[in-house]
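Below is one structure, written out as structure tokens, with a few remarks after it.
Bear in mind the structure is a predicted one, so any value in this text is a computation, not a measurement.
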Amino acid sequence: MIDIKILRETPELIKESCRRRGDAADIDAIIELDKEYRELVQQVEAMRADRNRLSKECRDNPEAREQVKDLKEQLSQQEARLQELETQVHDKLSWLPNLLHPAVPDGNDDTSNIEIRKEGVIPEFSFKVKDHQELGELLDIIDTQRGAKVAQSGFYYWKGKGAQLCNAMFFWAQMELTKRGFTSFMTPCAAKSQTLYGTGYLPFFADQTYPIANEDLCLIGTSEQTLVGYHADEILEADKLPLSYCAFSPCFRTESGSYGKASRGIFRVHQFHKVEQIIFCLPEESEKYHKFCLENEEYLLQQLGIPYHVVDVCVGDMGAPGYRKYDVEAWFAGFGAYREVTSNTNLTDFQSRRLGIRYKDKDGNRGYVHTISATAVTDRVAIAILENFQQEDGSVIIPEVLRPFTGFDKIEAPEQVK
RNA sequence: GGAGAGGUGGCUGAGUGGCUGAAAGCACAGGUUUGCUAAACCUGCGUAGGGGAAACUCUACCGGGGGUUCGAAUCCCCCCCUCUCCGCCA
């Protein structure tokens, strides 16, 4: 949610952000509505003051009662109009995207993202590489057929050593994050619409969510929703900040409108799994912690031995709630390209304002905290492991850091292939 | 699923029609006392919005919504949530 004061005092900031994002919101119309609202508020409050004053006289002066009755009738009409205006302004404000960091690149889609750095050595193979779908079938560790049979196309099974690999990776990532000061969570996998609204998923990504029939609940699209919502309507002690939380959860997304986009294998699916990093911090520190989360993402990939590059995400590829975003794209030998595995967004006060998450310092100063939302690892990282560490016979070498958790160092190819 | 209890400020908790934006305690902030810590005592202390240079003042808020009334935390209706007990169950 944009601070309405910015709208009143420096609307050009918001216009500029909307212009760069290609958002056609009519800012002047909102300002007009707000102006009308504020004028009416003054009127209504003056009338209420009169009403209250007269009411106090009523006990001793029965004549005042008639006056108050008249006044109340006028007042209720104005109050109805006021309510209407308030709702309109609020609805329009809900749709406004966040401001933009000045350095965010222009552009309409991911082709305009700017590579910041490249790490790791891209593996070379002396044989024809397989993609994860092929490997998954060959090794009997990914089953999309039965995922579709049991649930729907877009759902899948990890099986055997594939499942063990994922469990190991997700557990390891959480251990690494707790070493870096994160508190681990397991969260609800459903959240009410208010929580989704507060985190900015509604109204912007309404078509991406799975609602639960007959309930005011949706399956979570990410544990960001439940972790950020955790502190809704709370005032946090400034000297306890930052709060760093991580969680493992399934993530459910309808992916409506993205059919055909790199749909082979399990790269884009209706349910994936993720370890998430969330930080609540003071506004002046959000850039620092935004970078901190990026360091964590990179550290994890480095430890796994996966080559990647970091991109500065352009306006067109960034969601409305984002102020600045870095994506990490890992190398996928099967695709022969870098593809997104993690993303890291500084949401500034966009979520905290909607959710009412504030801080208070020793001097009694209050404000809205900033939130950072960043991926740590997802199934896609496991896919990158399969594709990058495959051997000629289709077997896959497990990264060393995961071996204490998998209990094996290789996913063997079946006998007939050898 | 059945039965009961309850939702008041950062927390605990009074409060059944106007003097209650809300007692008291805790916590917190400032001060006095003190060799240090502790304790004691005094003072202050809800949130949001509007007006004002300020003092101050106005409006709203006691789970949410509606109603009765000149006036509601308090009375009525609907909804939501939490807790306890019973049943069922991972």
Problem set entry | Any donor-acceptor N or O pair under 3.5 Å, side chains A:Gln208, A:Tyr201 | no
For this session: Sticking with atom C1', work out how far B:G15 lies from B:A23, rounded to a whole angstrom.
Result: 8 Å
Exercise. What about the rings of A:His290 and A:Tyr326, do their centers lie closer together than 6.0 Å?
Worked result: yes
Exercise. Does the side chain of A:Asp3 pick up a donor-acceptor pair with the side chain of A:Tyr368 at under 3.5 Å?
Worked result: no
Exercise. Mind checking the P distance from B:G87 to B:U69? Whole angstroms is fine.
Worked result: 48 Å
Problem set entry | Integer angstrom distance from the P of B:A53 to that of B:C28 | 37 Å
Problem set entry | A:Glu237 CD - B:A29 C1' separation (whole Å) | 13 Å
Exercise. Using the C1' atom in both, what is the distance from B:A27 to B:G13, to the nearest Å?
Worked result: 14 Å
Seminar exercise, completed: Rounded to whole Å, the CG-C1' distance (A:Leu75 to B:C70) equals 13 Å
Protein and nucleotides 57-60 of chain B: nitrogen or oxygen contacts under 3.5 angstrom:
unit_1, atom_1, unit_2, atom_2, d
B:U59, OP1, A:Asn52, ND2, 3.0
B:U59, O2', A:Arg48, NH1, 3.2
B:A60, OP1, A:Arg51, NH2, 2.8
B:A60, OP2, A:Asn52, ND2, 3.4

Exercise. Taking for each residue the nucleotide of RNA chain B bearing the nearest heavy atom, is the 5' side occupied by A:Lys360 or by A:Arg8?
Worked result: A:Lys360
Exercise. Hey, which of A:Asp312, A:Asn346, A:Thr345 is the one that makes side-chain hydrogen bond (donor to acceptor under 3.5 Å, both in side chains) with A:Arg324?
Worked result: A:Asp312
Exercise. Rounded to the Å, how far apart are A:Lys56 NZ and B:G71 P?
Worked result: 14 Å
Exercise. Quantified in whole Å, what is the P atom distance between nucleotide B:C79 and nucleotide B:C86?
Worked result: 27 Å
Exercise. Between the side chains of A:Gln303 and A:Glu176, is a donor N or O closer than 3.5 angstrom to an acceptor N or O?
Worked result: no
Seminar exercise, completed: Across every strand shown, the nucleotide meeting Watson-Crick or G-U wobble geometry with B:C70 (both distances under 3.5 Å) is B:G18
Problem set entry | Atom-pair distance (CG on A:Leu236; P on B:G10), nearest Å | 13 Å
For this session: Sticking with atom P, work out how far B:A73 lies from B:G9, rounded to a whole angstrom.
Result: 14 Å
Exercise. Quick one: do the A:Tyr37 and A:Gln88 side chains pair a donor with an acceptor below 3.5 Å?
Worked result: no
For this session: Grab the OH-P distance between A:Tyr37 and B:G49 for me, whole Å please.
Result: 11 Å
Exercise. Is there a Watson-Crick or G-U wobble partner for B:U32 with both distances under 3.5 Å, and if so, which one is it?
Worked result: B:A40
Exercise. For residues A:Ser223 and A:Glu276, is any side-chain donor paired with an opposing acceptor at under 3.5 Å?
Worked result: no
Exercise. So, does A:Ser256 use its side chain to make a donor-acceptor pair with the main chain of A:Asp207 at under 3.5 Å?
Worked result: yes
Exercise. When the C1' atoms of B:A54 and B:A72 are considered, how many whole Å apart are they?
Worked result: 35 Å
Pairs under 3.5 Å (N/O, protein and nucleotides 64-69 of chain B):
none

Exercise. Is B:G1 paired to anything, Watson-Crick or G-U wobble with both distances less than 3.5 Å, and if yes, which nucleotide?
Worked result: B:C86
Seminar exercise, completed: Under a 3.5 Å limit on both distances, the Watson-Crick or wobble mate of B:A48 is B:U59
Problem set entry | Distance in angstrom units between A:Arg358 CZ and B:G46 C1', rounded | 11 Å
Problem set entry | Separation of atom CG in A:Asp233 from atom P in B:C11, rounded to whole Å | 12 Å
Exercise. For the pair made of CE in A:Met47 and P in B:G71, what is the distance, rounded to whole Å?
Worked result: 14 Å
For this session: In whole angstrom, give me the gap between the P atoms of B:G25 and B:A14.
Result: 15 Å
Problem set entry | Contact under 4.0 Å: A:Arg65 side-chain N or O vs B:G71 OP1/OP2 | no
Exercise. RNA chain B: A:Gln42 or A:Arg366, which has the more 5' nearest nucleotide?
Worked result: A:Arg366
Exercise. Which residues satisfy the side chain to side chain contact (heavy atoms under 4.5 Å, CB included) test with A:Gln83, sequence neighbours excluded?
Worked result: A:Thr87
Exercise. Between A:Gln133 and A:Glu137, do the side chains contain an N or O donor and an N or O acceptor separated by less than 3.5 Å?
Worked result: yes
Exercise. When the aromatic ring centroids of A:Phe171 and A:Phe248 are compared, is their separation below 6.0 Å?
Worked result: no
